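Here is the structure we will look at, set down as structure tokens.
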Amino acid sequence: MKTVVIGHLRLAGLLIEFLDDGRMRPALVLRETDRQVAVVEAGRRERTLSRALVLNAYPDRTVNRGNLAAEVARLEAERTALAVEIDLGLLWEIVQEQNRSFTAEELSELFFGRRAPVDVSVMIEALLNDRLYFVRRHMEFLPRPAEQVERLRVQQDKTRLRSEANRRTRSLLEGILAGRIAPAVEEAAPLVAELKAFLENPFTRSKDLEAMLAAAAPELLPGEAAFEILERLGSAMDGPRYVIIGGIRTKFPSRALAEAAAAAPPARPQSDDSSAVTIDDDDTVEIDDALSCEPLADDGLRVRVHIALVADFVARGGAVDREAAARATTIYLPEATIRMLPDAIACESASLIAGVERHVLTTDLRLSAAGDLVGYAIYPSQLKVSQRLSYERADAWIAAESAHPEALKVRRLYEMAQRLRERRRAAGAVIVSRREPKVKVAADGSIEISVIDNASASRMLVAEFMVLSNHVLARHAANNRIPIIYRVQPSGGGDLATLRPRLSIYPEYHAGIGLDCYAQISSPIRRYMDLVLQRQIVAALTDGKAKLPYEADELLTVIANAEASEAASKDLERRAKRYWTLRFLERECLGAPLQAIVTRDGASAELFDYAVRGTLHGAPNISSQARILAQIGNIDPVRGVLSLEYLSTLGRDTDGDR
């Protein structure tokens, strides 16, 4: 079979292999340009690659989305069978005296006797991961001199000896975490110093130590394991536990602080909306949205969704912007809030504080009585919020049916939000409104837990209008060909709850939300990607598409940076919240009967007063949502383990006032 030369070969529709972290990864090419290709992998993940990373292609194989997984599985089976045959030492002995470099195709022909794409693929991967016999020069491979190979063999022997020391360290780490080993202070001193250095600077963390910590406690983040070991050795570091574990930078550079304090926004037209309200938790200081409504003819409703116009205060490429891009998101931990933006912007100049003029991006919506969108406008403006409401007060207004004008407006918003939610539900949206704990840890270590009911009327109201505003902004961008980042979730088969939404620069259906086009633009104070998209939308509205701040390629870079950072931050928030909730239960609730709600048909239960779930043991056949009494059986805050022992079943009216 002939060698496949990528060069200017048309790749769209072909099964290719691209280089990813030293491995050849198969994918189907969906689209291509001169410099990039858009591909889909067998796991349905789409990504955009530099064409230079495409090293192999299979033009003789007929592959499409439907058979991609099967074809990739077949290819991997072929590659596995070939990989066990490769002996680079033997190949090196054959070619090392020729004193020239070889292509992977040439070496494949020498070893396998052919140059089929699958043979070349296996050879490329073996050569890229070789550290002994060949030197890579671009995509050619030069055999090392015999004396150099011998010297490298000696070095590898030393590395193996170091590996034995690493195994001893790993054994020590495992023993300390399991409580089997309590080394003397002198013996532990080198380990303590190494662990502190590991936690103090996340940018210089030892990869070897990180790997050993991960192996010693696979269920923990390496930082969690390091912090816990130091604590058990009596050498805990000062500072908020999960801020240290996450290696989070808490201080802003002085240049960013100065820039934030001096930020001067451009002039914006004055809004004629005098009745906008914000609805937030009592302790919220980063207020990024406000709502108002006016009745229309035929029982329709005009709703204005105002989002803090953060783009007016954060210049692209400035010191604040660079820091925000690095942070990617505000992180909410029980011990501390680490904001994406300096307080001067996040909590003051951009925050929609009632009674103070603030810059906003308004999505002005006109809705029919049934909830149809019959018209919209999008514009920046200057607004004075009339009133700040807590969720509790808004809930009371909705429930009381007061004739007070402000209460009537909130109730109108709620009734329209109900219609909007039902429309999304009918379109297939998966709406999950789980209760969740809100955990605060004071400086003295005391823990306070309250429960947030995300299904409450006012929280649902706010959520629905944020979803609608995001949808309208996304649809506007798509219709006007303004490059932005969309959130998509295809509906093609499978359980939607298990199909993770992804980011794309192409508008597609979001099945989980039940809308044909969606983007997140409603939290620019807290999410960098929202700030980027707000910049893009505002520039298109005010300057026209000729002066957009971001090209599509630049948005791909934003996606790559933000996706990983947001995921890591959410994981850290989840771990921190569970750790401190379980720590509270361990301190205060051992042996006490606790009300719980059965989940997963008796396999687990959620403690009612703390909104935390654990496995359930000893329960009879019992259905989900049944009320029971349980007590803590086993609890390990560090590993997030909570098991509950069933005590009894409660009647439906038990504590019904809750």
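The shown structure was predicted, so the numbers you read here are calculated from the model rather than taken from an experiment.
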Problem set entry | Check: Asn56 side chain, Pro117 main-chain N or O, donor-acceptor pair, under 3.5 Å | yes

Problem set entry | Counterpart residues, side chain to side chain donor-acceptor pair (under 3.5 Å), relative to Glu140 (two or more places apart) | Ser101

For this session: State whether the side chain of Glu566 and the backbone N or O of Thr329 hold a donor-acceptor pair below 3.5 Å, judged by distance alone.
Result: no

Exercise. Is the shortest side-chain N to carboxylate O distance from Glu46 to Arg65 below 4.0 Å?
Worked result: yes

Exercise. Under 4.5 Å between any side-chain heavy atoms of Pro26 and Tyr58, yes or no?
Worked result: no

Problem set entry | Side-chain (Asp87) to main-chain (Leu90) donor-acceptor, under 3.5 angstrom | yes

For this session: Taking only Lys NZ, Arg NE, NH1 and NH2, and the carboxylate oxygens of Asp or Glu, determine whether Arg502 and Glu508 approach each other closer than 4.0 Å.
Result: yes

Exercise. Can you tell me if Gln36 and Arg51 form a side-chain donor-acceptor pair at under 3.5 Å?
Worked result: no

Exercise. Between Arg574 and Asp571, is there a side-chain N and carboxylate O pair less than 4.0 Å apart?
Worked result: yes

Exercise. Would you call Glu76 and Arg25 a salt bridge, using N to O less than 4.0 angstrom?
Worked result: no

Exercise. Sequence neighbours excluded, which residues qualify as ring pair (Phe, Tyr, Trp, His ring centres under 6.0 Å) partners of Phe313?
Worked result: His359

For this session: Could you tell me whether Arg327 and Glu323 make a salt bridge, using a distance below 4.0 angstrom between a side-chain N and a carboxylate O?
Result: yes

Exercise. Are the side chains of Arg79 and Glu17 in touch, meaning some heavy atoms are under 4.5 Å apart?
Worked result: yes

Exercise. Side chain to side chain contact (heavy atoms under 4.5 Å, CB included) with Leu28: which of Asn67, Leu68, Val39, Leu14?
Worked result: Leu68

For this session: State whether the side chain of Arg232 and the backbone N or O of Ile176 hold a donor-acceptor pair below 3.5 Å, judged by distance alone.
Result: yes

